[in-house]
Trainee: 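Provided herewith is a single structure, encoded as structure tokens, for subsequent inquiry.
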Amino acid sequence: MARASTTQRGYGHAHQQNKKALIYNHDDGTECPWCGQPMYKEPAKNWDGHALEGDHNHDDGTGKPDKTILPKRLLHKLCNIHKADTIAEHGPKWYEKHGLSSNKNQPIDWPSGRIIDWQNLSVS
Ligand SMILES: [Zn+2]
């Protein structure tokens, strides 16, 4: 049995072109939003040794990524695998690097990208 093509897996031509554009426009050394390590166009320079991948981070309404919307940012391949089918701005190592924790005692990034400051949260 042949492997499913990228199109059959839901990653069609538009997705491939989008990924090429994201990588083309990528500034080498930009911090990975998941692990906080630099990301490079050249796979060998990345800590995981793989090419960067597009990250699906738009909620489809059920808390899962909407894969019909083209990715807007890149992650390391292994970071993307670690993130799996979740919606999140950053991973644990990113929070660690920035001296933040994702528990309720610290401001955290909510999936929409807003910062929730738990210390100064007021109900109006
Ligand atoms: Zn990463």
Side-chain angles (χ1 to χ4, degrees):
M1 171 117 183
R3 282 182 57 188
S5 73
T6 53
T7 304
Q8 287 164 332
R9 291 202 306 268
Y11 297 94
H13 183 70
H15 189 278
Q16 298 293 335
Q17 291 303 112
N18 179 67
K19 183 179 164 184
K20 273 186 197 166
L22 283 173
I23 289 178
Y24 179 81
N25 291 312
H26 177 71
D27 285 327
D28 269 347
T30 301
E31 179 179 89
C32 170
W34 192 256
C35 70
Q37 299 299 308
M39 299 188 292
Y40 299 99
K41 293 178 185 178
E42 192 183 323
K45 287 188 177 175
N46 291 315
W47 69 262
D48 63 357
H50 292 286
L52 302 172
E53 292 196 338
D55 171 36
H56 287 97
N57 208 33
H58 290 85
D59 196 325
D60 68 356
T62 70
K64 294 285 182 190
D66 185 343
K67 293 188 176 170
T68 65
I69 296 174
L70 294 171
K72 298 282 193 295
R73 67 180 189 177
L74 296 164
L75 295 181
H76 293 115
K77 180 178 183 170
L78 293 190
C79 292
N80 200 24
I81 290 169
H82 183 248
K83 180 173 176 276
D85 250 6
T86 59
I87 303 281
E89 284 300 301
H90 305 294
K93 287 199 173 138
W94 186 94
Y95 285 107
E96 202 176 292
K97 183 185 172 195
H98 290 269
L100 299 169
S101 69
S102 51
N103 68 36
K104 291 190 173 189
N105 297 319
Q106 298 268 0
I108 63 165
D109 266 3
W110 216 238
S112 66
R114 284 174 299 153
I115 302 287
I116 297 184
D117 182 351
W118 295 99
Q119 308 296 336
N120 299 305
L121 200 61
S122 62
V123 180
S124 51

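A quick note: this is a predicted structure, and the numbers were derived from the prediction, not measured. Atoms within each ligand, like the ligands themselves, are counted from 1 in listed order.
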Trainee: How close do Lys83 and Ala88 get, counting heavy atoms only, and between which atoms?
Mentor: CE-O, 3.4 Å
Trainee: Which is it for Trp94 and Glu89 under the side chain to side chain donor-acceptor pair (under 3.5 Å) test, yes or no, and what are the steps along the way?
Mentor: CA-CA 10 Å; Trp94 186 94; Glu89 284 300 301; over 6 Å; no
Trainee: Quick check: closest heavy atoms across His82 and Pro92, and the distance to 0.1 Å?
Mentor: CE1-CD, 4.3 Å
Trainee: Minimum heavy-atom separation for Asp28 and Lys41, please, with both atom names.
Mentor: OD1-N, 2.7 Å
Trainee: Inside 2.8 Å of the Zn ion (ligand 1) but strictly below it, how many protein N/O/S atoms are present?
Mentor: 4
Trainee: Rounded to the nearest 0.5 Å, what's the gap from NE2 on His15 to CG on Leu70? Could you check?
Mentor: 6.5 Å
Trainee: Would you please test Asn46 and Lys77 for side chain to side chain donor-acceptor pair (under 3.5 Å) and show each step?
Mentor: CA-CA 9 Å; Asn46 291 315; Lys77 180 178 183 170; over 6 Å; no
